[in-house]
Asker: 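Structure in structure tokens, see below.
Owing to the predicted nature of the structure, the values given are computational and were not obtained by experimental measurement.
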Amino acid sequence: MAKQNVYDNQVFFDAFKKIRENETNFNDVIETPIITKMLPDLSGKKVLDIGCGMGQHAKQYADMGAISVLGVDISEKMLAFARENNSAENITFLQLAFEDLEEINDHFDVITSSLAFDYVQDFAELMQKIYALLTNDGKLVFSMSHPISTAYDGVFDRYTRTESGEKLYANLHNYNIEGLRKIKWVVDDYELYHRKVSTLINDMVSTGFIIEECQESNVSKKIRRQYPDKFDGVMHQPDFIFFRCSK
Ligand SMILES: C[S@@+](CC[C@H](N)C(=O)[O-])C[C@H]1O[C@@H](n2cnc3c(N)ncnc32)[C@H](O)[C@@H]1O
């Protein structure tokens, strides 16, 4: 199974770090508030965070009362940052690809993932591996790029604009063609997998998951007004999709 590790490319890592540390990044302004509301009570729970990156979420879950958090990621550079900046006694960071999750010999009450599943080639297989790692009443809560935002070829402008450059509506490219997309984002050949919403849902359901909640990203009018250049596209297309599932 193809695994990619663009986050260990120094140029990409440096650029991503800059984006992630910007105070109005999409993670902190959009993603984190939504996924946080969807989480069950973490007190006393064993949590696995897949694609933990720089460890911000792992630290957050430990602070929310999780008894232990295991953060796994393929990227050495992301894990080194996590260990240095987001460590705690009950957090373990481990280098492991989500294609190899079956190597974990443990079970978790809550499995989370933030914006990492864009990189998995076989989403159905990933769901099955996660299902096997959950306790019987366990929950999976995750976010990933919304299929509307990955229906993009990196060449056309994402938005049709007015003459003055205002975003009028969002454009889609080949929504119904699933698979690998290579686009220009930070590096010239950034790779992610585009899938339809129905594929995500059907892969979860056929694994045995019960989908309890689905959310699509949005920002408040207040934030749109505060940062018009940055968040004015959000009302045209959701960047991220979120699911909470139970076993
Ligand atoms: C957009 S970052 C998100 C990081 C973190 N979850 C956050 O919210 O800030 C995506 C993460 O997925 C990781 N990743 C990509 N492919 C992976 C794979 N095959 N196995 C495990 N992690 C992977 C990357 O290394 C990166 O840390």
Asker: D73 and S75: which non-hydrogen atoms are nearest, and at how many Å?
Answerer: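 Nearest heavy atoms, D73 then S75: OD1-N, 2.8 Å.
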Asker: Could you measure the distance from the CE atom of M127 to the CZ atom of F209? Nearest 0.5 Å is fine.
Answerer: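 Rounded to the nearest 0.5 Å, the CE-CZ separation comes out at 6.0 Å.
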Asker: Could you walk me through whether M144 and L200 pass the side chain to side chain contact (heavy atoms under 4.5 Å, CB included) test, one step at a time?
Answerer: CA-CA 10 Å; M144 62 191 295; L200 300 178; 3.9 Å; yes
Asker: Does the distance from a Lys or Arg side-chain N to an Asp or Glu carboxylate O, for E102 and K129, drop under 4.0 Å?
Answerer: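 Result for this pair is yes, salt bridge flagged.
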Asker: Do D118 side-chain atoms and S145 backbone N/O form a donor-acceptor pair below 3.5 Å?
Answerer: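 Such a contact is found between D118 side chain and S145 backbone.
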Asker: Pairing donors with acceptors under 3.5 angstrom, does anything connect the side chains of N25 and E21?
Answerer: no
Asker: Under 3.5 Å, is there a donor-acceptor pair between the side chain of T199 and the main chain of R195?
Answerer: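 A pair under 3.5 Å: no.
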Asker: If you take all heavy atoms of A62 and V69, which pair is closest and at what distance?
Answerer: N-CG2, 3.9 Å
Asker: Show the numbers, then the answer: is there a side chain to side chain donor-acceptor pair (under 3.5 Å) between Q121 and K3?
Answerer: CA-CA 8 Å; Q121 189 179 3; K3 294 174 201 165; over 6 Å; no
Asker: For the residue pair K221 and M235, establish whether any side-chain heavy-atom pair is separated by less than 4.5 Å.
Answerer: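 K221 does not reach M235 side chain to side chain.
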Asker: Looking only at heavy atoms, which two atoms of L140 and I130 are closest? And how far apart?
Answerer: CD1-CG2, 3.9 Å
Asker: To the closest 0.5 Å, what do you measure between NZ (K222) and OH (Y227)?
Answerer: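 The OH atom of Y227 is 9.0 Å from NZ of K222, to the nearest 0.5 Å.
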Asker: Taking I210 as the starting point, is it possible to reach F243 by hopping between hydrophobic residues whose side chains are less than 4.5 Å apart?
Answerer: no
Asker: Side chains of V186 and I19: does their closest heavy-atom pair fall under 4.5 Å?
Answerer: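 Result yes, sub-4.5 Å side-chain heavy-atom pair found.
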Asker: State, with a plain yes or no, whether a side-chain heavy atom of I183 is found less than 4.5 Å away from one of E191.
Answerer: no
Asker: Quick one, F117 with F142, criterion ring pair (Phe, Tyr, Trp, His ring centres under 6.0 Å). Give me CA distance, side-chain angles, the key distance, then yes/no.
Answerer: CA-CA 9 Å; F117 293 169; F142 71 95; 5.1 Å; yes
Asker: Closest heavy-atom contact between I67 and G44?
Answerer: CG2-O, 3.5 Å
Asker: Rounded to the nearest 0.5 Å, what separation is found between the CG atom of L180 and the CD atom of Q4?
Answerer: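 Spacing of CG (L180) from CD (Q4) equals 8.5 Å.
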Asker: Do F26 and Y119 sit in the same hydrophobic cluster, where Ile, Leu, Val, Met, Phe, Trp and Tyr count as joined when their side-chain heavy atoms come under 4.5 Å apart?
Answerer: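 No, F26 and Y119 fall in different hydrophobic clusters.
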Asker: Are any side-chain N or O atoms of Q215 and backbone N or O atoms of I34, one a donor and one an acceptor, separated by less than 3.5 Å?
Answerer: no
Asker: Quick one: does N90's side chain have a donor or acceptor within less than 3.5 Å of a partner on A66's backbone?
Answerer: yes
Asker: Taking all heavy atoms of I91 and all of A58, pick out the closest pair and write down the distance.
Answerer: CD1-O, 3.7 Å
Asker: Consider only side-chain heavy atoms of I, L, V, M, F, W and Y, link residues closer than 4.5 Å, and tell whether V187 and L115 are in one cluster.
Answerer: no
Asker: Please list, one pair per line, the donor and acceptor atoms closer than 3.5 Å that link side chains of residues 45-57 to other protein atoms, with sequence neighbours excluded.
Answerer:
unit_1, atom_1, unit_2, atom_2, d
K45, NZ, D41, O, 3.0
K46, NZ, D106, OD1, 2.7
K46, NZ, D106, OD2, 3.1
K46, NZ, H107, O, 3.4
D49, OD1, T112, OG1, 2.8
H57, ND1, Q60, OE1, 3.0
H57, ND1, Y61, OH, 3.2
H57, NE2, E31, OE1, 2.9
H57, NE2, S114, OG, 3.1

Asker: Rounded to the nearest 0.5 Å, how far apart are CD1 of I223 and OG1 of T24?
Answerer: 10.0 Å
Asker: Please test M64 against L39 for side chain to side chain contact (heavy atoms under 4.5 Å, CB included), starting from the C-alpha separation and ending with a verdict.
Answerer: CA-CA 10 Å; M64 286 168 74; L39 291 168; 3.8 Å; yes
Asker: Between H146 and Q237, do the side chains contain a donor N or O and an acceptor N or O under 3.5 Å apart?
Answerer: no
Asker: Looking at E213, I want to see if its CD is surrounded by more than 12 non-hydrogen atoms of other residues, nucleotides or ligands under 6.0 Å.
Answerer: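 Result for CD/E213: enclosed.
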Asker: Check whether N202 reaches the backbone of S198 with its side chain - one donor and one acceptor, N or O, closer than 3.5 Å.
Answerer: yes
Asker: Output yes when a side-chain donor or acceptor of N174 lies under 3.5 Å from a complementary backbone atom of N176, and no otherwise.
Answerer: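 Looks like no, no N/O pair under 3.5 Å.
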Asker: Do any N or O atoms from the side chain of R244 and from the backbone of M38 form a donor-acceptor pair under 3.5 angstrom?
Answerer: yes
Asker: Answer with yes or no whether the hydrophobic clustering places I35 together with V120; edges join I, L, V, M, F, W, Y residues whose side-chain heavy atoms lie under 4.5 Å apart.
Answerer: no
Asker: Which is it for N22 and K230 under the side chain to side chain contact (heavy atoms under 4.5 Å, CB included) test, yes or no, and what are the steps along the way?
Answerer: CA-CA 12 Å; N22 183 308; K230 191 147 190 182; 3.9 Å; yes
Asker: Grouping I, L, V, M, F, W and Y whenever their side-chain heavy atoms are under 4.5 Å apart, do L96 and L70 come out in a common cluster?
Answerer: yes
Asker: Could you give the distance from NZ (K17) to CD (Q10), rounded to the nearest 0.5 Å?
Answerer: 10.0 Å
Asker: Answer with yes or no whether the side chains of D8 and N5 bring together a donor and an acceptor at under 3.5 Å.
Answerer: yes
Asker: If I compare all heavy atoms of C245 with all of M204, which pair ends up nearest, and what's the gap?
Answerer: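 Closest pair (atom of C245, atom of M204, distance): SG-SD, 3.5 Å.
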Asker: Between side-chain atoms of residues 150-161 and protein atoms elsewhere (two or more places apart, or another chain), which donor-acceptor pairs fall under 3.5 Å?
Answerer:
unit_1, atom_1, unit_2, atom_2, d
T150, OG1, P147, O, 3.3
T150, OG1, H194, ND1, 2.7
Y152, OH, F156, O, 3.4
D153, OD1, V155, N, 2.8
D153, OD1, F156, N, 3.2
D157, OD1, Y159, N, 3.1
D157, OD2, R161, NE, 2.7
R158, NH1, S149, O, 2.8
R158, NH2, S149, O, 3.4
T160, OG1, N171, OD1, 3.0
T160, OG1, N171, ND2, 3.3
R161, NH1, G165, O, 3.1

Asker: Does some side-chain heavy atom of R20 sit less than 4.5 Å from a side-chain heavy atom of N27?
Answerer: yes
Asker: Using distance only, find each side-chain donor-acceptor pair of residues 131-139 under 3.5 Å and give its atom names and separation, not counting sequence neighbours.
Answerer:
unit_1, atom_1, unit_2, atom_2, d
T135, OG1, F108, O, 3.4
K139, NZ, E212, OE1, 3.2
K139, NZ, E212, OE2, 2.8

Asker: Begin with the C-alpha distance, continue with both residues' side-chain angles, and end with the deciding distance and a verdict on side chain to side chain contact (heavy atoms under 4.5 Å, CB included) for S68 and T92.
Answerer: CA-CA 8 Å; S68 65; T92 307; over 6 Å; no
Asker: Given Y7, which partner from the list F13, Y190, F16, F81 fulfils the ring-ring contact (aromatic ring centres under 6.0 Å, His included) test?
Answerer: F16
